[in-house]
Amino acid sequence: MTKKTCARNLVAAISLAWAAGATGAPTAAPAVPSDTAIKAAKHAVTAYRDDVVETLAKLVSYNTVADKDIPCERNPRHQAFKAYLHQEADRLGLDFTDDGCVAIVGLGKGDDRVGLVAHGDVQPVDPTKWKKSPFELDRTSEPGRLLARGAEDDKGPIATALYAMKSLKDLHVPLSRRIELYVYMAEESDWGPLEAFMKTHTLPQMNITLDAEYPAVTAEKGYGTLAVTMPKAAVAPPATAPYVKAFKGGFFGSQIPEDAQATVANATPALEAQIRARAGKQAGMHYQFEWKDHDFVVTGKGLSAHSSKPEDGVNAISMVADALAMQPWPDTTAGALVNFLNEMVGTGYFGEKFGSIAYRDAFMGPMTFAPTVIRQHDDGGIEVAINIRRPQGKTAEQLQNEINAALAQWQGAHVQLADVKAQIGDPWVQQDAPQLPVLMKTFAYFTGIKDAKPVAIGGGTNSRLFPHAVSFGPAMPHTVYTGHSEHEFITTKQLLLNLEMYTAVLAELAK
């Protein structure tokens, strides 16, 4: 991530002083939320159980995928989304500010503030993989689930935050701190506009990000990408022997891919049998096999997932390459790619085969290393992008040197890569979050899960940009996070539980 600005440092210093003077020692917090917080939470879920779903339905109806050619502040779809958010704020008696790529919904007054952080943009989506339009809230296909792009990431949290604030207003809960909901419109694509916004705006002294999981997230791995390009016609295709003619797969960089396809030229029935047998041993994959003249086409479908949790998906790129791993292939462009995937990545996702890069941290867990998208270059080269989520424990320089060493060894045995690009982000740990006791007791009270502890995640949220920020929901621990997948949903039960917990937390922190 980028370096902290002077403005952020100033805000952080003010925050520390405020936290030390206003929140007290964490051990002094009561074991359960106050009566006021519990009453507000029950009011929210009773009064607005239908309204919050209706607001979510409207929020997801806006296609807020980024357009690389239109800045977020000028994107008409984003403007329409913000206009509806403004309309909802007015209807609920909340104030609203539009600052281009950042919209702010507020309740109350004062210099002391509690911030909620979410994003209104969503990841790309393949409409063909959905039972209904991904921009229509599907309430019927899977009873109990609300399916749509953004339902979990992050429009469900936005809807619940709005009604949490409305509930406090209904009950005239005394607020000594202003509440502000920050909705950023480019979290999934470009953090630059948010960082620019922060240079000219004083942020709340304490913040909660609604973009991860419970019970509370105090550490995030660093996001990175290793992109390597196989050269065009590295080796001339054999005249009669089998070779890999084409290989493609993936959709976008932060999604575990569920689609991949390989074409083997000059294939034989015996080779077909080997590929079918190897593919048949893979768990979670579905294959189609087709002959086109002398080409044998292998099409595999796995399961998409957020790339920060590769274990939740089945990586079709890795698996289709593995289905061809009964032999090394001639280093044609696509053949070199298949050899690279099988020899350097394999079907695991911890980088164990990639030289000495694999490592783990006791709290943050292992580094994950997963191919996510293959791009065909205009000059005939093929690029594979590998998503990296790295914990603390190694410097970026050390990891880069280990990557370079592993690539040098592979190139020595195969072909010279046409291009290598590596971006290695920094892990983040929140050392000072005075709101943690309130979050933990609220989570324990409403879920019945005792002795919960803060966790680390592989994803990267805007928490690392806001003072004293930690993530709180919307996903329960030990459940599959569906954001970034082609089967994104939030259950109605979870949506209402989130509404209760967000309301209670705001009642406690802003009282």
Side-chain angles (χ1 to χ4, degrees), residues 55-86 88 98-103 117-138 146-159 181-197 209-212 223 225 248-259 303-309 313 372-375 385 387 459-462 474-475 481-490:
T55 295
L56 173 59
K58 188 65 176 178
L59 291 173
V60 300
S61 71
Y62 295 93
N63 178 351
T64 51
V65 176
D67 185 330
K68 62 181 178 61
D69 296 321
I70 306 177
C72 53
E73 70 272 15
R74 298 207 309 268
N75 187 314
R77 292 175 174 175
H78 290 194
Q79 290 174 333
F81 176 85
K82 289 185 296 177
Y84 172 70
L85 194 60
H86 191 174
E88 280 293 89
D98 184 348
D99 203 287
C101 291
V102 182
V117 183
H119 61 85
D121 61 321
V122 294
Q123 283 286 6
V125 61
D126 183 349
T128 66
K129 294 180 177 291
W130 294 67
K131 296 176 182 177
K132 296 185 178 181
S133 166
F135 300 107
E136 172 190 349
L137 191 66
D138 182 353
L146 304 169
L147 296 97
R149 175 56 94 222
E152 186 170 39
D153 183 26
D154 241 3
K155 294 176 180 178
I158 292 171
L181 168 63
Y182 287 74
V183 180
Y184 180 49
M185 298 306 300
E187 192 271 349
E188 302 286 18
S189 58
D190 182 7
W191 288 19
L194 179 59
E195 291 170 324
F197 167 86
T209 303
L210 313 178
D211 189 26
Y223 182 104
T225 302
K248 61 183 180 180
F251 188 22
F252 57 90
S254 58
Q255 181 190 74
I256 295 300
E258 67 179 30
D259 296 299
L303 179 65
S304 63
H306 196 296
S307 65
S308 67
K309 290 190 170 185
T372 54
V373 64
I374 293 170
R375 299 181 178 91
N387 186 253
T461 73
N462 289 153
Y481 184 74
T482 63
H484 296 212
S485 78
E486 299 301 339
H487 186 237
E488 182 175 354
F489 67 87
I490 191 167

Side-chain donor/acceptor of Thr209 to backbone N/O of Asp211, under 3.5 Å
no
Distance col, row Lys58:NZ vs Leu85:CG, nearest 0.5 angstrom, shows 12.5 Å
message = What I'd like to find out is whether the side chain of Thr372 reaches to under 4.5 Å of the side chain of Phe252, using heavy atoms alone.
response = no
Margin query: As a quick check of understanding, evaluate side chain to side chain contact (heavy atoms under 4.5 Å, CB included) for Val65 and Phe135, giving each step before the final call.
Written below: CA-CA 11 Å; Val65 176; Phe135 300 107; 4.3 Å; yes
**side-chain hydrogen bond (donor to acceptor under 3.5 Å, both in side chains) evaluation trace for Ser308 with His306** = CA-CA 5 Å; Ser308 67; His306 196 296; 2.8 Å; yes
Heavy-atom nearest pair, Thr461 first then Ala212, reads CG2-CB, 4.4 Å
Nearest heavy-atom approach of Pro193 to Tyr184 is CD-OH, 3.2 Å
What one should report as the nearest heavy-atom pair of Glu152 and Pro157 is O-CD, 3.6 Å
Open item on the list: Is any side-chain heavy atom of Glu486 closer than 4.5 Å to one of Val125?
Closed with: yes
Between Leu194 and Tyr182, is there a side-chain heavy-atom distance shorter than 4.5 Å?
no
So NE2 of His78 and NZ of Lys82: to nearest 0.5 Å the spacing works out to 9.0 Å
Does one side chain, of Asn387 or Ser307, offer a donor that lies under 3.5 Å from an acceptor on the other?
-> yes
Nearest heavy-atom contact between Gly250 and Pro257 is CA-CB, 3.5 Å
**Request:** State, with a plain yes or no, whether a side-chain heavy atom of Leu56 is found less than 4.5 Å away from one of Ile490.
**Result:** yes
Test log, rule side chain to side chain contact (heavy atoms under 4.5 Å, CB included), inputs Lys129 and Phe251: CA-CA 12 Å; Lys129 294 180 177 291; Phe251 188 22; over 6 Å; no
_Let's go through Ser254 and Tyr223 carefully: what are the C-alpha distance in whole Å and the side-chain angles of both, what is the deciding distance for side chain to side chain contact (heavy atoms under 4.5 Å, CB included) to 0.1 Å, and is it a yes or a no?_
CA-CA 9 Å; Ser254 58; Tyr223 182 104; 4.1 Å; yes
Nearest heavy-atom contact between Pro124 and Arg149 is O-NH2, 2.8 Å
Between the CG atom in Asp190 and the NZ atom in Lys68, the distance rounded to the nearest 0.5 Å is 14.0 Å
dist Thr64:OG1 -> Gln123:CD (nearest 0.5 Å) comes out at 10.5 Å
Interatomic distance, CG@Asp153 vs CD@Glu488, rounded to 0.5 Å, equals 5.5 Å
| field | Asp121 side chain near Glu187 side chain, heavy-atom distance below 4.5 Å | value | yes
Subject >> Lys132 side-chain N/O to Asp138 backbone N/O, donor-acceptor pair under 3.5 Å >> reply: no
message = Test side chain to side chain contact (heavy atoms under 4.5 Å, CB included) on Gln79 and Tyr62; report intermediate values, then the result.
response = CA-CA 10 Å; Gln79 290 174 333; Tyr62 295 93; over 6 Å; no
Tightest non-hydrogen contact, residues Cys72 and Met185, listed as CB-O, 4.1 Å
OG1 of Thr55 to OH of Tyr84, rounded to nearest 0.5 Å, is 4.0 Å
